[in-house]
Amino acid sequence: MESQLEQIRAEALAEIDAAADEAALEAARVKYLGRSGSVSLASEGMKTLSKEEKPRIGKLLNEVRQSVTGALDSRKAALEAQRDTAAFADIDVTLPGTPVRIGALHPITQLQDRAIQIFRRMGFVLADGPDIETEFHCFDALNTPADHPARNEQDTFYLADGRLLRTHTSTIQIRTMESQPPPVRIIGPGAAYRRDEVDATHLAQFNQMEGLYVDEQVTVADLKGTCEFFFRELLGKDARVRFRPHFFPFTEPSFEIDIKAGALGGGEKWLELAGCGMVDPAVFESVNKRRGDDAYDPERISGFAFGFGLDRLAMIMSGVTDIRLFTENDVRFLSQFR
Ligand code: DAH
């Protein structure tokens, strides 16, 4: 019996090894391990063995079955590997691949991200507020009188319930101060809306970035230093920054920031790029009233604010002459900003 089993094993392993394809391998499996295969028949024969022989032969039988099964598995894996290699034989893996077209961030988003990074380095954090606002947050709290032209229905989108689409991101100043005590050091990028006729330099929805810094003893020097640093980081060390007295209802004194820089086309003309100023005490007072405390006591604290349009800045920096290109989603235009 033992030698018979050894013979079966030797034959089976030789046959499996020689199997040229999966069909031959399957035939070998049936021949040895199938219902009436030789290994199966041998195990039937166990019945006739004596008590002493059974364990020894049983053990050998198991070993034979295991080695046949193992041989079948490894031959199968080898045949599969051969087939895969053959399938790749005609393919030149050194040929260049088909490039994947990778998208890019929108130019306004890119500029916004750069601006955020620069302000972050000065300790500013992001803040936001809703696009649909109350008249209070958009005008009253910002010290804008009831008869101010910006509040006109011709200039502002009003909703039926009296709310409106914010006309500037300065609302974020109020939202922030309502919800937290000083010190405040935030930037608030976001959309703003005005009922402008759409043309090469106007959209009804555009993008601004607001800034607010409130603490004890904040001065115009801090305002100038911060804005100068920002524009020179953004536009290069050759940028020249000028503060020109102006008027905004929510700051006193107020300034417009004019810039000359190679990155802006390099002309000799000063370009008006931002508004800023020292937060008007009246703004702090209306925030205090809403908060029900005097966290923003104008006798104790002071602050500066600024705001600028991202679209116009992006246009000048990249030489785009029609603002509408930014919203038309034309890949030929967008793919130039990578
Ligand atoms: N909100 C102004 C605008 O939309 C820009 C502005 C000016 C923002 C002065 C400010 C500021 O924070 O202090 O034209």
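Both counts, for ligands and for their atoms, begin at 1 and track the order of listing. Worth saying up front: this structure is predicted, and the values here are computed from it rather than measured.
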For residues 135-142, which side-chain donor-acceptor pairs fall under 3.5 Å, sequence neighbours excluded?
| unit_1 | atom_1 | unit_2 | atom_2 | d |
| --- | --- | --- | --- | --- |
| E135 | OE1 | R151 | NH2 | 2.8 |
| H137 | ND1 | T134 | OG1 | 2.7 |
| H137 | ND1 | R175 | NH2 | 3.3 |
| H137 | NE2 | E178 | OE1 | 3.1 |
| H137 | NE2 | E178 | OE2 | 2.8 |
| D140 | OD1 | R151 | NH1 | 3.3 |
| D140 | OD1 | R151 | NH2 | 3.3 |
| D140 | OD2 | R151 | NH2 | 3.3 |

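Below 4.0 Å from some heavy atom of T251 lie the following atoms of ligand 1, by number and element: 13 (O). Atoms of ligand 1 found under 4.0 Å from any heavy atom of A305, numbered from 1 in the order shown, are 12 (O), 13 (O). Of all the atoms in ligand 1, the ones that sit under 4.0 Å from a non-hydrogen atom of G275 are 7 (C), 9 (C), 11 (C). Here is the list of ligand 1 atoms found below 4.0 Å of a heavy atom in S170: 1 (N), 8 (C). When each atom of ligand 1 is checked for a heavy atom of Q208 under 4.0 Å away, the hits are 3 (C), 4 (O). Near G277, with a cut-off below 4.0 Å to any heavy atom, the atoms of ligand 1 are 13 (O).
In summary, the aromatic rings of F229 and F119 are positioned with their centroids too far apart to meet the 6.0 Å limit. Between F326 and F333, a ring centre-to-centre spacing shorter than 6.0 Å is recorded.
When F206, F308, F306, F250 are ranked by how near their heavy atoms come to atom 2 (C) of ligand 1, first place goes to F250.
Polar contact with ligand 1: absent for T167 (N/O pair, distance under 3.5 Å).
At least one heavy atom of R194 sits less than 4.0 Å from an atom of ligand 1.
Within the model, atoms CZ of F124 and CD of Q117 stand 15.5 Å from one another, a figure rounded to the nearest 0.5 Å.
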- Item | Test side chain to side chain donor-acceptor pair (under 3.5 Å) applied to N207 and D311, step by step | CA-CA 6 Å; N207 301 281; D311 309 71; 3.1 Å; yes
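No hydrogens or angles considered: a donor-acceptor pair under 3.5 Å links the side chains of D131 and Y193.
Annotation: atom 12 (O) of ligand 1 to nearest protein heavy atom, E210 OE2, 2.6 Å.
By the salt bridge (Lys or Arg N to Asp or Glu O under 4.0 Å) test, D199 is found to be paired with no residue, residues two or more places apart in sequence or in another chain being considered.
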